[in-house]
Amino acid sequence: RPSTGSVRNVVGTLVVAVLIIGVVWFVRGSGAVTSQTISLSASASGPAPRLDQPAPPFDMRTIDGQIVSLSDYKGRVVVLEWFNPDCPFVQRHHAQRTTMIDLAARYAPRGVAWVAVNSTCSMTAEKTAQWRKKWKMGYPVLIDRAGKIGRAYGARTSPDMFVIDRDGEIVYQGAIDNDPGGRSSSPANYVDQALSELLAGKPISDPKSRPYGCPVKYPPQARAGAGR
């Protein structure tokens, strides 16, 4: 027969295990893991540009082989969307919903340029092109496998959003909306709000928020000229 102490140890272990499982289930259900640990685990190195400071210039190839520069959009409002089609958070806004393409289409007639950037070091332009076609993305997608643009902007997650005003300054950075768990039927869209206020000549009420998504998968060391 097992001793009384052994039985107590087994029972105690089982109780602790059940409690741990319950806590994990609760946290996942509440979206806390999604909104906290994922957004903090990205690893952009170097100082990120500050709000109301000039946006870092870039010159990079798209999946179509065209060279796109920030200077091409001089005098226009620009939205940068960090993009990785393997990420569930990106899939939510492109496959389950059409958040990004709808917003880009809504503001295009008002002169807003929308550009996606894929800084995933292991993803080819061909694979990115397949997803762009499937999700009917009508705007350019830059291939930044060396992480040159991503590190310059301090992009941490996919998605991570930046709004640049007509003077070339960053006026919004952060999440696309306030719904990291994906449970709201009508989330507050921070980028929509920023664009609406910016084009109306009003101060942006929420210029910065905490981005959520998958960590941007930068290479261990970005090399000049790589990823083009």
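Worth knowing before you read on, the calculation uses all heavy atoms, side chains too, and leaves out hydrogens, waters and symmetry mates.
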Validation row: [X], [Y] side chains within 4.5 angstrom (heavy atoms):
X: S119; Y: Y218; result: yes
X: V90; Y: W131; result: no
X: M161; Y: L80; result: no
X: E81; Y: H94; result: yes
X: V79; Y: V115; result: no
X: V163; Y: L198; result: yes
X: Q173; Y: P211; result: yes
X: R156; Y: V216; result: no

Within the side chain of [X], is there an N or O that forms a donor-acceptor pair under 3.5 Å with the backbone of [Y]?
X: E197; Y: S205; answer: yes
X: R61; Y: G65; answer: yes
X: D72; Y: S69; answer: yes
X: S184; Y: S186; answer: yes
X: Y73; Y: R166; answer: no
X: T98; Y: D102; answer: no
X: R110; Y: A108; answer: no

Tell me yes or no: between the side chains of [X] and [Y], is some donor less than 3.5 Å from an acceptor?
X: Y212; Y: D177; value: yes
X: W82; Y: T157; value: no
X: N84; Y: S158; value: no
X: Y172; Y: D206; value: no

Write down the atom of [X], the atom of [Y], and the distance for their closest heavy-atom approach.
X: G182; Y: R97; value: O-NH2, 3.2 Å
X: D192; Y: N189; value: N-OD1, 2.8 Å
X: I176; Y: H93; value: CG2-NE2, 3.5 Å
X: A55; Y: I170; value: CB-CG1, 3.8 Å
X: A188; Y: N178; value: N-OD1, 2.8 Å
X: D179; Y: P187; value: CB-CB, 3.6 Å

>> Taking side chain to side chain contact (heavy atoms under 4.5 Å, CB included) as the criterion, tell me which of V68, L142, I67 meets it with D59.
In response: I67
> Per the side chain to side chain contact (heavy atoms under 4.5 Å, CB included) rule, which among Q91, K127, M123 passes with P85?
Replying inline: M123
> Quick one: do D64 and R132 make a salt bridge, cutoff under 4.0 Å?
Replying inline: yes
>> Show, in sequence, the C-alpha distance, side-chain angles and deciding distance for I149 and M60, and conclude whether the side-chain contact (heavy atoms from CB on, under 4.5 Å) test is met.
In response: CA-CA 8 Å; I149 305 177; M60 193 68 63; 3.7 Å; yes
>> salt bridge (charged side-chain N to carboxylate O under 4.0 Å, His left out), that's the test. Do K217 and D86 meet it? Break it down for me.
In response: CA-CA 11 Å; K217 298 179 180 178; D86 283 343; 5.7 Å; no
> Would the Y107 and W114 ring centres measure less than 6.0 Å apart?
Replying inline: no
Spacing of [atom1] belonging to [X] relative to [atom2] belonging to [Y], to within rounding of 0.5 Å:
X: Y153; Y: D144; atom1: OH; atom2: CG; value: 11.0 Å
X: T128; Y: K133; atom1: OG1; atom2: NZ; value: 15.0 Å
X: E126; Y: I63; atom1: CD; atom2: CD1; value: 9.5 Å
X: M137; Y: M100; atom1: CE; atom2: CE; value: 8.5 Å

>> Set out, in order, the CA-CA distance, both residues' side-chain angles and the distance that settles side-chain contact (heavy atoms from CB on, under 4.5 Å) for V78 and V112, then state yes or no.
In response: CA-CA 6 Å; V78 179; V112 175; over 6 Å; no
> side-chain contact (heavy atoms from CB on, under 4.5 Å) between V171 and L51: does it pass, once the steps are laid out?
Replying inline: CA-CA 5 Å; V171 292; L51 293 174; 5.8 Å; no
>> Below 30° counts as parallel, above 60° as perpendicular, anything between as tilted: where do the rings of W135 and F83 land?
In response: perpendicular
